[in-house]
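What follows is one structure encoded as structure tokens, with my remarks underneath.
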Number of protein chains: 2
Amino acid sequence: MKVPPASIKDVAKRAGVSAGTVSNVFSGNRPVKPGLAKRVREAAAALGYEPDRAASQLRGGKGRVVGIVIPELSNPFFTSLVAAIETAARAESFDILVASSSDDDSEEAARLRTLLAWKPAGVVIVPASDEFPSRGLLEKAGLPFVVVDRVPQDFTGDAVSSDNFDAGLQAARHLFELGHRDIVVAASSMRLQNIRERCSGIESVLRETDSAPLSLIELGFSFESAAARLEQLATERRRPTAFLALTNFGTLGVLATLQQWNARVPDDVSVLGFDDYSWMRAVSPPLTAIRQPVEEMGRRAWRILRRRIEGDSEPPEGIRLACTLERRRSTATCPPGTTIDIKRPSRRDRDDLAKSN
Amino acid sequence: MKVPPASIKDVAKRAGVSAGTVSNVFSGNRPVKPGLAKRVREAAAALGYEPDRAASQLRGGKGRVVGIVIPELSNPFFTSLVAAIETAARAESFDILVASSSDDDSEEAARLRTLLAWKPAGVVIVPASDEFPSRGLLEKAGLPFVVVDRVPQDFTGDAVSSDNFDAGLQAARHLFELGHRDIVVAASSMRLQNIRERCSGIESVLRETDSAPLSLIELGFSFESAAARLEQLATERRRPTAFLALTNFGTLGVLATLQQWNARVPDDVSVLGFDDYSWMRAVSPPLTAIRQPVEEMGRRAWRILRRRIEGDSEPPEGIRLACTLERRRSTATCPPGTTIDIKRPSRRDRDDLAKSN
DNA sequence: CTTTCTACGTAAAACGATTTACGTTTAAAT
DNA sequence: ATTTAAACGTAAATCGTTTTACGTAGAAAG
């Protein structure tokens, strides 16, 4: 059953032309007269010929592969991103090489190194951390690359991410409008710039309303670590009236813990999640959540990378895409009984007080 | 900043040896004296040398890449599978090339063809359908491949899947034990062998208990199509006392629809889901579900493929892994009021009746 | 009619590794 | 000490493409 694959020479012989001509027919690199081209194409079809990518890569230097490095293949946010990029890349007949870093800097560097050995045309990367040591590798290789989602603080290259500050702002404002003052923010790790940005968004609302400082817990990068950390929270403080999760694993962790505490959502406690998945709409109560435009992020990342591959050398583009608040039913007005107003006297109140003396 | 990547010759020159020796140091293909080997390794490190995979692929013929073809990159079941395979493959320094077929046969063939152009050492594939036209391509290429999850009816090669019959059996039995007799089974498409197997498992329980025939709807492959189809169901028949979903999108669709109908789970209707994800534990009520051992499936698929790549030619292996029922709280005893006993007289009853005449 | 382009085909070099064929050194055997 | 074989290096051939340098034919220009 096994047939040795046809090479460009076999096709050339069958079509009665030289190998170079066959190459030109397929690569479109130089024009070939229609008649000949047709003969070549027929010969190729008859032999089931497909150009060997490794060989063409080797000689041509520039291959039609792009590398994608993400922290976790088991996190649907990242795989959605990969799906979006793959769709866009495939449309221009680029193949994708995927690697995951397990949220670890040195793992990331190692994976990237083997990726680079394929001489890809470009790389899309969601860094494992703000340290982003892979940056050096990429720059040394002189490869175009786009950073997505986790854009380090002082990063100057091409980047696509959510408008995290605004996302935090929207989320916090929503909960405040519902009367919540005792909110616990569930983050993955403050070592990530995007998380810090979301927090500043929240803090700006706290400041606006002159409220107590941010109450925050770090949950790590897995469902399990999140649940464990939250379990511990119960022993440290009384239950807040609302949880604001800043990642999808955080959302899951909060929900699972509330489950164990037998707390009803939203009657006993409101929950605002991050990232928007099908299951959030399907469950009861449907989850209020901040939706990141993940498909759009993937498309934009590809578009930028594509241009760079073409040789475009405009100044770096830093794209921030707006998130939207999906209001559903897991957030409700804070029940009056449970609202313990821990608000400090507002500036205005204090001023009034001062005047009256 | 851009540095032209070092080639094997650069390393050879720096270490004062020939290119062949450098190759041997890295490939371990032939022994090299420790002293020399060390010198070569140092030179390589100094130059940041990494063997060009395309070049080594070209000459060596056998590359260290494996292709993975799955129906959807946005379905967490499949991406979990990819994650498991990637972990196993990476441990033996194989890279993975991922392609998705969008559940379409011809798309699958096209994607596979471009994958094959990389001359991978092997392929793991979840076919888009039972037709599995890609099989011919793979066999013609003489490439080892393993079929996972959707194994066509009469398939004879290496395969790894769940024990779908038993999964259906367990699920149905669980619902029957809780007293449910009016169950709607939500499948993706009966054109898939694995779905048919799950159905026969369910049917065997129906037969055992002499119950009414299977009530089934096909929901398609996306959350949206599932929700739409279920919406329509409401106009066609009265509400069942339980839903048994056979895929993860089906589970989501059922849940979302129940949501819209304002039906409480499990008080009004029980729900048994398929596939087991974090969110199922986190939501309220936690979902009873059939768990497929997806990581194990990935590991086993890799193990078989690895052996075939090594040249093993044992007869094909058809592995079936057991699923487990995760009992949680979305299934409950059928409320007596709503139990409409549509059971036909059992064979025993009928026999008794006949005798008494 | 000659000259000058332009268009397009061919043969051969190149890409960066592995592998083969062969040579030299070193160790083991007589 | 001589022979034999094993061990290990080197140079050159090779994988299947793309690219370069060159050649030829026909068209356009003078």
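Below, chains carry the letters A, B, ... as their sequence lines are ordered, and counting in each starts from 1. Predicted model only: the values in this text are computed from it and were never measured.
- Contact check, B:Ser23 against C:dT18: a side-chain N or O comes under 4.0 Å of OP1 or OP2.
- When each of B:Ser18 and A:Tyr49 is assigned the nucleotide of DNA chain D with its nearest heavy atom, B:Ser18 is the one assigned upstream, toward the 5' end.
- For B:Arg53 and C:dG16, a side-chain-to-base donor-acceptor distance below 3.5 Å is absent, hydrogens and geometry of angles not being considered.
- Backbone-only contact: B:Val32 has heavy atoms under 4.0 Å from sugar-phosphate atoms and none from a base.
- When all heavy atoms of B:Ile309 and B:Ala121 are compared, the closest pair comes out as CG1-O, 3.5 Å.
- Distances shorter than 4.0 Å separate some side-chain N or O of A:Thr21 from OP1 or OP2 on C:dT10.
- Between the side chain of B:Arg59 and the base of D:dT14, at least one donor-acceptor pair of N or O atoms lies under 3.5 Å.
- Judged by distance alone, the side chains of B:Gln292 and B:Ser162 do bring a donor and an acceptor atom under 3.5 Å apart.
- In the helix from C:dC1-D:dG30 to C:dT30-D:dA1, the rotation axis of the first five pairs and that of the last five pairs differ in direction by 30°, rounded to 10 degrees.
- Residue B:Ser56 places none of its side-chain N or O atoms closer than 4.0 Å to OP1 or OP2 of C:dA17.
- Among B:Arg300, B:Arg307, B:Arg303, the one residue that satisfies the side-chain hydrogen bond (donor to acceptor under 3.5 Å, both in side chains) test with B:Glu317 is B:Arg307.
- At a threshold of 4.0 angstrom between heavy atoms, the contacts of B:Val17 are confined to the sugar-phosphate backbone, with no base atom among them.
- Side-chain N/O atoms of A:Asn29 include one lying less than 4.0 angstrom from OP1 or OP2 on D:dT19.
- Regarding contacts with the backbone of D:dG16, every side-chain N or O of A:Ser7 stays at 4.0 angstrom or more from both OP1 and OP2.
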